[in-house]
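For reference, the structure is listed below as structure tokens.
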Amino acid sequence: MNRRTFLKLASAGVSATTPAPISLAFAAAPAPRPLFGAAVNPRLLREGHAAYRDAIQRHCRIVVPEGGLKWEGLRLSPTTFDFGHGDRFVQYATENSMAARGHALVWHLAMPKWTKAIETPRAAEDALRFHISTVVARYAGRIASWDVVNEPLPETPGTSAELRSSIWQALLGERYIDLALEMAAAADPAAELVINEYDLEFAGERFQRKRNGILHLLHRLLTRGAILHAVGLQAHLRGERDIDRAGLRNLIRTIRGMGLDVLITELDVMDHALPSDPAARDTIVAQRVAELLETVFEECTPKSILTWGLTDRHAWIPEHFKRRDGARNRPLPLDDNYTPKPFLKVLQRFGAPLLPTDDRL
Ligand code: XIL
């Protein structure tokens, strides 16, 4: 046995005296796994929220801030930034060896009032450049993946060329998306650049239009040479709404065929139209998550899977989808007391971290 073979076997944990297994050189690489994580609230990362931080540390390998990196939180005025929440978030991720995503450089919502004074294409392009280059450069090397454009499509696209209205779209047309991607790539060439969208998975004509809309947009962007790496499926599921498995598979296959990755960026399940019994509700919520992930995994392993929050105690769903019976919403993997729900078991089936007590899978 020469020295090289010996070292190779030794590093594979094979002793020099045992016969070398023939297949060693061809051992299959471990199957890729998605990075699991959640959106976190930067306010709760401060001292005094130990249970919250504990749960994040236990369950997350990747985090994204729920707020704090949106214009509203960052941009006090046309010339100033408040990086308080963003810096705390990034420091938390770094200290805990978690990957970090950024959300969101361009979105029609959460815009400060002063942006209404942006009235010309020139001013819009300048404002966009100032914002994106400052924010992305600040966190270069620490935020590995950015939602560059969030929700570019209308609620119900009329034609597949239609975009959602925003100041950027009004002043710059579709070019705002190319510009934003170009600016982000220039500020951090290593960052993963993502277009993030919702309602891409459900059955029904409205949602098929959304799938067509995103594919046409991606096609136009790539044809123009845009720098884009992945599509984020927000995946805000609804307990009462079916997933179009064939439609979703086709969407993912086409996205992958364009050379783009797929991420699941904001997974949760709206439960306002489900029965009030908590156990029955949790079962349906978990079934919807399973349906989504089974379908996605039939086509590809998403690079990351993030839920929008981790515990029902701190969820955004009640802001817009409160239950009529007064019961609290249960849209996330952990309940109000941080106890795992069937939702978490489904995530673990697809590779989410197991807890020391989770040996029953
Ligand atoms: C939500 C936050 O969770 C809320 O706290 C805030 O009030 C509004 O925005 N899609 C997105 C997220 O891309 O940015 C939204 O986050 C939820 C829907």
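Read the numbers this way: they start at 1 and go in the same order the structure lists the ligands and their atoms. None of these values were measured; they are calculated from a predicted model. In this chain, numbering begins with 1 at the start of the sequence shown.
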### Query
Would you say D82's side chain and G84's backbone share a donor-acceptor pair under 3.5 angstrom?
yes

#### Entry: Backbone of L153 reached by a side-chain donor or acceptor of E197 within 3.5 Å
yes

### Task
Give a yes-or-no answer on whether the side chains of H103 and D147 include a donor-acceptor pair shorter than 3.5 Å.
yes

Atoms of ligand 1 close to [X] [distance to a heavy atom under 4.0 angstrom, numbered from 1]:
X: H236; answer: 10 (N), 18 (C)
X: W316; answer: 3 (O), 17 (C), 18 (C)
X: E151; answer: 10 (N), 11 (C), 13 (O)

### Query
What pairs of residues pass the side-chain hydrogen bond (donor to acceptor under 3.5 Å, both in side chains) test when at least one of them lies in residues 108-120, not counting sequence neighbours?
H108-R164

Suppose we measure from [atom] to each protein heavy atom; which comes out shortest, and what is that distance?
atom: atom 14 (O) of ligand 1; value: H103 NE2, 2.7 Å
atom: atom 9 (O) of ligand 1; value: K70 NZ, 3.1 Å
atom: atom 11 (C) of ligand 1; value: E266 OE1, 3.0 Å

### Query
Do E66 and ligand 1 have an N or O pair less than 3.5 Å apart?
yes

### Query
Should E319 be counted as touching ligand 1, given the test is an N or O pair under 3.5 Å?
yes

### Task
Please confirm whether W107 comes under 4.0 Å of ligand 1, counting heavy atoms of the residue only.
yes

### Task
Measure from NZ or CZ of R313 to the centre of the six-membered ring of Y52 and say whether it is under 6.0 Å with the direction within 45° of the ring axis.
no

### Message
For the residue pair K210 and F202, would you count it as a cation-pi contact if the rule is NZ or CZ under 6.0 angstrom from the ring centre and within 45 degrees of the ring axis?
### Response
no

### Message
Angle between ring planes, F350 versus F297, binned at 30° and 60°: parallel, tilted or perpendicular?
### Response
tilted

#### Entry: Per-residue contact class, N150 against ligand 1 - non-hydrogen pairs under 4.0 Å
side chain

